[in-house]
Every structure is written in C-alpha cells, then in structure tokens.
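Quick notes on the structure that follows.
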Amino acid sequence: MVRYRVRGGNPLRGTAFIQGAKNAVLPMIGAALLAAKGRTVLRNVPIIEDVRRAVELAEAIGAKVELHEAERTLVIDASRLKSPVLPAEIARRFRGSVLFVPALLHRLGEAIIEGVGGCNLGSRNLDFHYLGYKRLGAIVDEGDSVIHVKTAGFTGATLYLDTPSHTGTENLIMAAALGRGTTVIENAALEPEVLDVIEMLTRMGARISGGGTGFITVEGVEELQAVEHTVMPDRLDAGVFAMAAAITGGEVNLVGADLDHLGVVRYKLEQMGVEFSDHGAVLHVRRDRPLRPINVITDTYPGFATDLQSPIMTVACLADGASYIHERIFDGRFALASELNKMGADIEVKENGAVVRGATPLTGTEVTAHDLRSGIALVLAGLAAEGETVIESGYLIDRGHSYLAERMQALGADVRREISSS
Ligand SMILES: CC(=O)N[C@H]1[C@@H](OP(=O)(O)OP(=O)(O)OC[C@H]2O[C@@H](n3ccc(=O)[nH]c3=O)[C@H](O)[C@@H]2O)O[C@H](CO)[C@@H](O)[C@@H]1O
Ligand SMILES: C=C(OP(=O)(O)O)C(=O)O
C-alpha cells in the first residue's frame with residue numbers, strides 16, 4: 001500500500017521539471033507495436049505506474065521492451081508479437097491498455113480484450129471504438145467479460161464519433177493507418193496529445209491530414225517504420241504544479257510546461273488571481289493576492305480539461321466566495337467533494353454540478369483518493385491544510401505523476417511517499 005503524507009503551510013518556491021505526457025506516451029507505446037521491424041525509441045517518458053503496466057502488457061503480447069528509468073527512455077522491439085490476448089490482470093489496471101488493440105488487429109488479425117481499466121469516473125464506454133472497427137471491416141464479438149475483435153485487414157470508410165473521444169480518435173487513426181484506402185474520421189478529438197501521436201505516426205510513414213480540425217483523413221499505407229520520438233510535456237502535470245503554487249501563495253518555474261496547452265485552464269486560474277509569464281520553455285507561475293471564486297465548465301480541448309477539474313475544486317475551497325463547477329465529460333467525477341468536506345471544505349454536489357463555498361480553512365486528516373486526479377487534488381489540499389493529511393491509495397497518484405514527492409520537496413513542500421504492508 002502506497003500512501004502520501006503532506007504537511008501544509010509552506011508557500012512553494014523554486015523550479016519543477018514537468019514530466020512527459022501520460023496521455024501521449026500510452027498511445028505511442030500502442031503505435032510502436034504497429035512497426036513489424038526495428039526498434040522504437042521514446043524519449044521524455046514519464047516514470048509512472050501506467051507506463052510500467054504498459055511495458056508489462058507489451059511484454060505479455062510478445063514485444064521486447066526496455067524501460068531506462070534514469071534516461072526516461074523506452075526502447076520497444078515489436079518484431080515478434082505472438083499473443084492476441086490482453087490479460088485481465090494487467091489490462092484492468094490502466095485505461096491505456098485499450099490502445100494496444102489496433103496493433104494486435106494489424107499484426108495478428110485478432111485482439112482478445114479481457115478487461116480495460118482506468119480511473120473510476122462513472123461510465124467509460126468504448127462503443128465508438130468498436131463501431132469504428134466494424135465500419136472498417138472487423139467482426140466484434142462483445143461477450144459479458146471478454147471482447148473478441150477479428151479482422152482480415154481493414155478497408156477505409158467514413159467514421160464518426162458522437163463526442164470527440166480522445167483514445168477513440170487515436171485508436172481509429174491507428175486502425176486506418178495500415179488499412180486499404182482512405183478513412184475519414186469526423187468529430188475527432190483535438191487534444192494536443194492526439195496531435196503528438198499523429199506526429200509520431202507520420203514520422204513512422206503514416207499519411208494523416210486534418211489533425212486539430214475535427215476532421216481527420218487517413219490514407220492507408222503498407223507498413224510503418226520504427227522511429228525515435230520525444231513525448232510532449234504533460235499539460236495536466238503542469239496544471240497541477242501551477243495550482244500547487246496558486247493554493248500556497250507561492251512562485252514557481254515550470255521547466256518544459258507549455259502555456260498554450262493549458263487551454264481555458266490558464267484563463268480560469270488568471271481569473272482566480274494567478275499570474276503566468278512565459279519565458280521560452282520555462283513557465284513562471286505566482287499568486288500573491290487573495291484567490292477569487294470561479295465558474296468552471298469542463299469540455300474537450302481547448303475547453304477546461306476534465307482531468308484538472310478535481311485539482312481546481314481544491315483551489316476553489318480557498319477562494320473567497322462561491323465557485324460553480326459543471327462536469328460535462330464524466331458522470332461520476334465528484335467523489336473528491338466528500339473527502340474535501342472531511343477536511344473542512346463546504347462543497348455541495350447536485351448531479352453534474354458542484355458549488356464550492358469558500359474560503360474555508362482546511363485541516364489535515366486521513367482521506368481517500370478515488371481516482372488519479374482526486375488523489376493529486378488531495379495532495380494540493382494537504383499543501384494548504386493545517387496539520388497532516390494522509391492520502392491513500394497513493395498508487396492512483398503514481399499512475400499519472402512521476403517522482404511527485406521529490407518534485408514537491410524541491411519546491412519546499414513537506415510531501416512524503418510511504419510504502420507499508422497494510
Ligand atoms: C489514457 C487517456 O488518454 N485518458 C484520457 C482520455 O480518456 P478516454 O479516451 O477514455 O476518454 P474519452 O474521450 O473516450 O471519453 C469521454 C467521454 O466520452 C464517452 N465515450 C467515449 C468513448 C466511447 O466509445 N463512447 C463514449 O460514450 C465516455 O463515456 C466519456 O463520458 O480522455 C479523457 C477525457 O479527456 C481523460 O480524462 C483521460 O485522462
Ligand atoms: C482519467 C484519467 O486517466 P485514465 O483515462 O488513464 O483513467 C486521468 O488521467 O485523469
């Protein structure tokens with residue numbers, strides 16, 4: 001059992017290094033498995049539990065993978081994939097397991113999905129993925145617990161997504177990339193991670209146009225090559241460190257953070273009283289005035305990222321007045337509210353909306369992370385709370401943030417990661 005202990009009160013000051021993006025590296029590992037020859041090298045890989053699970057899953061289907069942690073580099077040799085089964089005990093531990101399906105379909109003609117994990121946020125359907133595979137010519141057998149997808153090769157078609165699904169867009173691009181003919185994906189996701197994946201696939205030899213417009217065209221090619229690619233910075237990690245500076249009234253330099261990738265998150269934090277200044281590849285963030293309340297509506301990119309909704313809920317607890325948060329992407333993403341209320345917050349949740357009445361002083365206690373982002377939001381609460389906050393399960397935080405305790409300590413925070421047998 002991993003837990004985090006946080007003692008609040010220190011304004012954060014100094015420099016933090018922003019990790020590579022979890023939501024880019026996972027599809028890139030899936031993309032690397034499309035190359036039947038050579039070795040793919042991924043740089044700026046975040047050392048997080050989801051990457052460790054992705055390595056285990058790639059090895060389970062026959063890839064040879066080396067994770068060089070100190071160098072933040074993955075080397076992937078997918079020349080001998082042998083098993084189409086994504087075993088439940090690994091695949092159920094992270095959402096990114098779903099991104100291995102296109103490679104299995106191209107390389108082995110079938111994928112057997114024993115389970116897909118990921119944060120517990122309410123319904124997380126995969127119907128757009130399966131409908132897309134079917135329109136490209138696959139047979140999908142959806143059993144109660146195992147899903148079996150088979151294809152003798154994909155043929156281009158016009159596909160659409162009811163909503164611009166992030167992994168759905170990535171999977172359908174990968175499925176179409178080695179198909180016959182032209183595929184058009186309408187209502188495709190615009191997230192920067194999707195564009196980074198398109199960049200890597202293009203370097204591999206894929207023919208993809210329209211990334212970032214919502215209409216993506218893929219002309220199938222016969223093979224894709226192994227390449228070297230540097231994973232983009234993680235905008236969610238950057239957002240969390242910016243909010244850590246905001247909640248403690250601190251001043252930090254975020255190395256590698258890209259202000260443009262924050263989308264509406266930047267403007268909402270500015271409305272709260274946070275200042276950003278961009279110095280090339282270093283983002284300076286500070287807050288030296290009282291926090292103001294905020295209205296937030298989550299949306300797909302460039303809207304307010306749902307993955308930063310929990311962290312900003314914590315910051316809103318310290319703002320003077322009522323903040324309103326409307327969650328539009330996931331129907332079960334407010335489990336954080338009752339944990340923050342245990343610490344002294346005043347948050348009322350009604351269906352997809354929450355009202356946060358601040359400012360309320362927070363007091364440290366034992367709290368539960370229900371998912372990755374509620375976990376990191378509780379670390380932020382701990383930074384602003386009086387006394388000690390103990391957060392379990394730390395594994396959920398480790399799924400998406402690398403060396404969190406060390407990076408927070410470098411900013412003067414009292415954050416410790418603890419492993420115990422109970
Ligand atoms: C590994 C990864 O990249 N995870 C991110 C990805 O998850 P993920 O790709 O799973 O999220 P999606 O964009 O697919 O899901 C968004 C919404 O669409 C619905 N939906 C999605 C697919 C589908 O086939 N049918 C359907 O109804 C989902 O139930 C959900 O309500 O995007 C989410 C939304 O930005 C982020 O929170 C996750 O961090
Ligand atoms: C929802 C998240 O991740 P995943 O899709 O991997 O569960 C997240 O990163 O907040």
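Atoms considered below: every heavy atom in the structure, side chains included; atoms not considered: hydrogens, waters and symmetry mates.
At distances below 3.5 Å, at least one donor-acceptor pair connects side-chain atoms of N171 with backbone N or O atoms of V98. Under a 3.5 Å cut-off, the side chain of T368 and the backbone N or O of H370 do not form any donor-acceptor pair. For R333 (side chain) and S374 (main-chain N/O), no donor-acceptor pair under 3.5 Å exists by modelled atom type. Proximity of a side-chain donor or acceptor of T169 to a complementary backbone N or O of A189 within less than 3.5 Å is detected. Side-chain atoms of Q19 come within 3.5 Å of backbone atoms of S402 as a donor-acceptor pair (strictly under, hydrogens ignored). With R286 contributing its side chain and A245 its backbone, the two residues share no donor-acceptor pair below 3.5 Å. Side chain of R373 to backbone of P311: no donor-acceptor contact under 3.5 angstrom is found. Side-chain atoms of D77 do not come within 3.5 Å of backbone N or O of K64 as any donor-acceptor pair.
Both tests pass for R93 against the ring of Y395: distance under 6.0 Å to the centre and angle within 45° of the axis.
Side-chain contact between F100 and I61 is present, with at least one heavy-atom pair separated by less than 4.5 Å. Contact check for M343 versus L378: side-chain heavy atoms found under the 4.5 Å cut-off. Using a 4.5 Å heavy-atom cutoff, the side chains of T314 and L340 are in contact. Taking the side chain as every heavy atom from C-beta outward, L34 and M174 approach each other to under 4.5 Å. M243 has its side chain within reach of V265: a pair of non-hydrogen atoms, C-beta onward, lies under 4.5 Å apart. Side-chain atoms of D237 and R407, non-hydrogen and from C-beta on, do get closer than 4.5 Å to each other. Contact annotation: the side chain of I329 approaches that of T300 to within less than 4.5 Å [non-hydrogen atoms, C-beta and beyond]. Counting heavy atoms from C-beta outward, I48 and H401 have side chains that stay 4.5 Å or more apart.
Taking the side chain to side chain contact (heavy atoms under 4.5 Å, CB included) definition, one finds that D346 meets it with R357, T360, sequence neighbours left out. F154 meets the ring-ring contact (aromatic ring centres under 6.0 Å, His included) test with H106; sequence neighbours excluded.
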Give the C-alpha distance, both sets of side-chain angles, the deciding distance and a yes or no for side-chain contact (heavy atoms from CB on, under 4.5 Å) between E186 and L159. CA-CA 6 Å; E186 299 197 12; L159 314 177; over 6 Å; no
Test log, rule side-chain hydrogen bond (donor to acceptor under 3.5 Å, both in side chains), inputs S393 and R3: CA-CA 6 Å; S393 153; R3 63 171 76 90; over 6 Å; no
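Ion pairing between a basic and an acidic side chain is recognised when a charged N comes within 4.0 Å of a carboxylate O; K350 and E348 show such pairing. Salt bridge D331/R124: absent, no basic N to carboxylate O contact under 4.0 Å. Looking at E56 and R52, no side-chain N of the basic residue comes within less than 4.0 Å of a carboxylate O on the acidic one, giving no salt bridge. Here R417 pairs with D398 in a salt bridge; the nearest charged N to carboxylate O distance falls below 4.0 Å.
Considering V197, D50, V51 in turn, V51 is the only one that fulfils the side-chain contact (heavy atoms from CB on, under 4.5 Å) rule with V25. Of the listed residues (I297, I325, I294, I312), just one forms a side-chain contact (heavy atoms from CB on, under 4.5 Å) with F304, and that residue is I312. Of the candidates Q309, E327, H326, R328, E327 is the only one forming a side-chain hydrogen bond (donor to acceptor under 3.5 Å, both in side chains) with T298. Only one option out of R289, R287, R266 pairs with E275 in a salt bridge (Lys or Arg N to Asp or Glu O under 4.0 Å); it is R289.
Closest approach of S83 and A60 over heavy atoms only: CB-O, 4.0 Å. A pairwise comparison of heavy atoms in L136 and A176 identifies CD1-N, 4.4 Å as the closest pair. Counting all heavy atoms, side chain and backbone alike, S97 lies closest to A91 at OG-O, 3.0 Å.
Donor-acceptor pairing under 3.5 Å is recorded for the side chains of H229 and R203. Defined by atom type and a distance below 3.5 Å, a donor-acceptor pair is missing between the side-chain atoms of H148 and E142.
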